[in-house]
Amino acid sequence: MSLDAEIPDSLLERARVKRDELLYFARSDIEEDGLYGERWLLITSKKIIVIGKTVKEYPMDGVKSIDAIEHLGLGELLAQIGNEKIRLITYSKSRAEDFRKAVILVSELLDLKGNAVELKVSKTKKKRSNTYSWLFGFLKPYKKQMVLGLVFSVLGVVASLLPPYLIELLVNEVFTAKHVGMLVPLVLAALGAYGLGTALGIGSSYFLNWIGQKIIYDMRSSVYSQLQRLSMDFYDRMSSGRILSRVVDDVGRVQWFLVWGIQNLVISVLTLIGIGVIIFAMDWKLALFVLLPVPIIALGIPQYRKRAHALYHRAWRKWADVDTLLVDTIPGVVVVKSFSQEEREQQRLKDKMEDVVNSNMDTVKLNLSFFPLLGFATSVGAVAIWFYGGMQVLAGTLSLGSLIAFTMYMGQFYGPINTLTNLFQPMQQALTSAERVMEIMDEEPQVTDSEDALDLNVKGDIMFSNVSFGYEPFLPVIYNVSFHVPAGTTLGIVGPSGAGKTTITKLLMRFYDPQSGAIYVDGVDLRKIKRSAWRRQVGIVLQDPFLFDGSVAYNISYGLGEVQPERIVAAAKAAAAHDFVMKLPLAYDSWVGERGSMLSGGERQRVAIARAIITDPKVLIMDEATSSVDSVTEKQIQRAIDNLVKDRTTIIIAHRLSTIRKANNIIVMNHGTIVESGTHDELIKKNGLYATMYRVQYEEEEAQNEVMARANR
Amino acid sequence: MPIDDFLKELNLLDERTVKIRRDAGSSFVTVQVGQQRYDGVIPRLPFPLTNPDFVIFSRFSSGEWTDVAMIKDMRKLDQESFSALKGLVDELYFIPTITEVLDLSTTGDEFVWDVMTDKGRRKFSTRGRRSIMNYNDRLILIDVDTNVYTIDLKKLTDKRSRSFIQRFL
C-alpha cells in the first residue's frame, strides 16, 4: 500500500510509531478470530507490528524469514522467529497483493534474497469506451449508402400510405357516389403505389444488406486485429472458447442491430409520425383510441429493458460455456476416448446445454410477461375504434370509406408499434453483445514498443540482470535471476517442474516484461528493441509445437511470405525432417491437419525446428523440445539440434539432460532462482541437484535398456 | 550452422549445364553435369502441386532414399532433357487435369464429381474441407481413394463448368 494512502494517527499512536519511521503498511480485512474486520500490518526498519484488538510487536532482528502463503480464499503471513513459525496476520485474497509486497520488503530488509528488488506492477486503468459511439463508428465509411438505403425506405413508407387513401376514394366515390369512371384510374393508382413500394423495398434491402456485409467484415477484422495486438496476459485470462464466442456470435448480433435494427427503428418511427398526422387529421377523437397502449409501452419498456439486460448477459455467458467446452473437448477427443470418458463428456455438455435452456427460458418467460399484454392492449384499441367509428357511420357523421381507410391506417400504425416493441428484445441482445465485444476492444496490451524502440540487428549476446517476474502481481515465479550467454554459445537450463525455466523463455521472447531487473541483448535493454525486429531474429521450438492447418511447406515457411523452395528443403534437411516429409503423399504440399494432427509428435517437432531455423535466427530457444518423443526420435532431433547450435546463441531447456551435455554453460533452477551453474562436468563434480537429477535419469535409462535387451533376447 | 551451409549441401544444379536421359523402359534417368554423372536416379517432386518443376534426383536402396542432386526449374533444361524428364515425371505423378465439369452434386460434406480430364472421363467423390484446396487459380482435388486431380480455373472457360464451380465452391 502506498504511503500516500491514509493511515489513521490513532493507529500510529497505538503502535508507538512516528509517521516518518513507517516504511510500509497494509490493511487486512480479517480479524484474529476469523471474522471480517480490520487489522493492520506496519513495518519499520526495526520491527513488524500487527494491530488488531491488541498490538503485537516483532523485532526485525529476531525475524529469520517471512513468507506469504495463500490458501483457498485466505492468505497468511508466516514469519520464522527463532525456532518458531509464527502466523503474523491473515487476510482475504482481495488484500493478497499488499501482503506479498510486504514479504518482498521485509526480505529486502533481512537481505534474504540477495540484492534488493522493487517489483513494479503497472496497473493501467481500464478504458471504458462508449458502446454507441464505437458501433456508429463502423457506419461512418458507408454514410452515403446508409442515407440512400434510408431514403429508399422512407419513400417506401410514403408509398405504403397511399393505398388506404385510394380505398377511401374507391368506397366513397365509386361504390357510394357511383362515379364509375374513377374505378380504373384508382385501381391503376393502387397498382402503381404497391409496385413502387416493392421496387423501393428491393432497393433499400440491397443497400442495407451490402452495408451489413461490409460492417461485419470491418468489425471482425478490427476485433481480430485487436486480438493480435494484445499480449499474452490477455490469453492467460480469457479462454479461447469465450474469445471465439465474442468474435463469431456477438459480432453477428451487433451486425443485425446496425443494419436491420436501425433501419426498422427509423422506418417505424417515421411511419408512426406519418400515420399519426393522417389519422389525427381525419378524426382526432377516433385517433385517441389508437393511443390506448401507449402508457403500457412507456411504463413497461424501461422495466423490461432493465430485467432483460441481466438475463441476456447470463444467457450469452451460458452459450460461451458451451463453446468453451466444445473447443476444449473436440481437439482433445483422443484423450477423451483413451480414458473412455465419452459418456461423461456427453453429460457435461448436457449439463451446460441445460443451463442454456434454463437461461433462455427465463428470457422467454420475461418476454411472455410483457409482449402479449402489449398485444392485447392494441387489440382493445382496435375493437374500440370499430365500435365508436361504427356508431358514427350509423349516425351518418362518418363515411364508410373513411372508417375503412381509418382502420387500414390503424393496422399500419400498430404494425410499427409491434415492430418497435419486438425490436427491443433483439436490440437488447445486440447491445449486450456489443458490450462483450467492447470488453476485448478496451483491453490494452501490457507489452508494447516504446516510441524510441530500435530496429536492431543483434549478434545474440544475452544477459539477464536481477530479473524477477510473476504472472500474479508480487508473487514472483523467478526471483533475481542473473546469467550471461555470450553470442554464439549454448546455455542449458535444467530444473524440476515449476522452477521457472519456461518463464525465462517467455521473458526472452518478450511475451511479458520483467517486473524488476532487465534483460539485455548486445548490451541494449530488450524493452528498447522493437518486438517485431527482435522476434524476427529469434527461433523458438516448444515442447508441444503448434502447427497450422496448412501444408508442410506452409508451416515451415510460416510468416515469411514468398520463400525459395530450396530454402524450405534445406531447413527440413537441417531439422532431420526431409526424409519423412518426402514419404508423405504430397511431400511438402501435404496437409498436416489441425494443429498438425496428421503427423506424429516427433514429426511435428522436426517441422517446428525447420520453421525455427529457416530464417537463420541469431538466437535459438528450444523449450523441452525432446521431452515428449521416443528415444529414436530424440536421437534424430538431437542430430538436428547439433547441426543448428554451431555459431548460434542457443538456449536449451532440457528435460533429458543428455541433450545439454555439450552446452557451454548450464544453469540449474529451483523455486525460481538459480541454485547451481557450470559445465556438465563441473556440475557432476559439485554433486548437487544437477548431479542427483543426472544420476536418476541415467539409472532410469539403464533400467529401460536392460528391459529392452531382455525383450530382444 | 547457418542455413546457407545446408543450402550448399543440397547440390542444386544449374539447369543450363544439365543433360538428362531417360533409361529405357525404367523409372530411372541419368543426369550428366559436365564430367559428373548420376546414373539410375529417380526424379521426385517435393512440391508436386505448388511447384511441380522443382525436381530432386534420388537413389533408392535398401528401403532408403538418398538425394544426390536437384534442379529448381525443369523448364529451363534443354528441350530434349526436358521432354525426357517431364515424360517420366508425368508417369510417376499421375495428376489428371480436369477440362470440363459435367456434373457436380453435394450431400453435406461430400461432393460427387463427373468430369472430363485430359486422361478421359472420370467420376469420383471428395469428402471434407481438406479434399479441395485452392492454390492461386488452381484447385487441387483429392478423392476419397487419395487420387489427385487438378483444375486450372483460368483455363476452365465453358459456362456449365464455371457455373458448377461457382455454385458449389
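Order of the sequence lines sets the chain letters (A, B, ...), proteins ahead of strands, with each chain counted from 1. Heavy atoms only: backbone and side chains are in, while hydrogens, waters and symmetry mates are out.
Side-chain atoms of F54(B) and E566(A), non-hydrogen and from C-beta on, do get closer than 4.5 Å to each other.
By the neighbour-count criterion of 12 heavy atoms within 6.0 Å, atom NZ of K123(B) is sparsely surrounded, having that number or fewer from other residues, nucleotides or ligands. Heavy-atom contacts from other residues, nucleotides or ligands closer than 6.0 Å to NZ of K72(B) number more than 12. Within a 6.0 Å radius of CZ in R220(A), other residues, nucleotides and ligands contribute more than 12 heavy atoms. Open room surrounds CD on E80(B); 12 or fewer heavy atoms of other groups in view lie less than 6.0 Å from it.
For a residue to count as touching a neighbouring chain, one of its non-hydrogen atoms must lie under 4.5 Å from one of that chain's; by this rule L7(B) touches chain A with backbone and side chain alike.
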Original post:
Where do I56(B) and H578(A) land on the side-chain contact (heavy atoms from CB on, under 4.5 Å) test, with the steps shown first?
Top reply: CA-CA 12 Å; I56(B) 298 180; H578(A) 175 74; 3.7 Å; yes

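Within the structure, ring pair (Phe, Tyr, Trp, His ring centres under 6.0 Å) pairs that include any residue of residues 58-79 of chain B comprise F60(B)-W65(B) (at least two apart or interchain).
Atom-to-atom distance recorded for L586(A):CG and I95(B):CD1 is 7.0 Å, nearest 0.5 angstrom. If you take CG on L49(B) and OG on S590(A), they are separated by 8.0 Å, rounding to the nearest 0.5 Å. Residue M582(A) holds its CE atom at 6.5 Å from CG of D67(B), rounded to the nearest 0.5 Å. One distance of note links OH of Y588(A) with OG1 of T50(B); it measures 11.5 Å at 0.5 Å rounding.
The nearest pair of heavy atoms linking L45(B) to A587(A) is O-CB, 3.8 Å. For F47(B) against D589(A), the heavy-atom pair with the smallest separation is C-OD2, 3.0 Å. In this structure, P565(A) and N51(B) approach most closely via the heavy-atom pair CG-ND2, 3.2 Å.
Residue-level contacts of residues 607-621 of chain A with chain B, in order of numbering, are I613(A), I614(A), D616(A); threshold 4.5 Å between heavy atoms.
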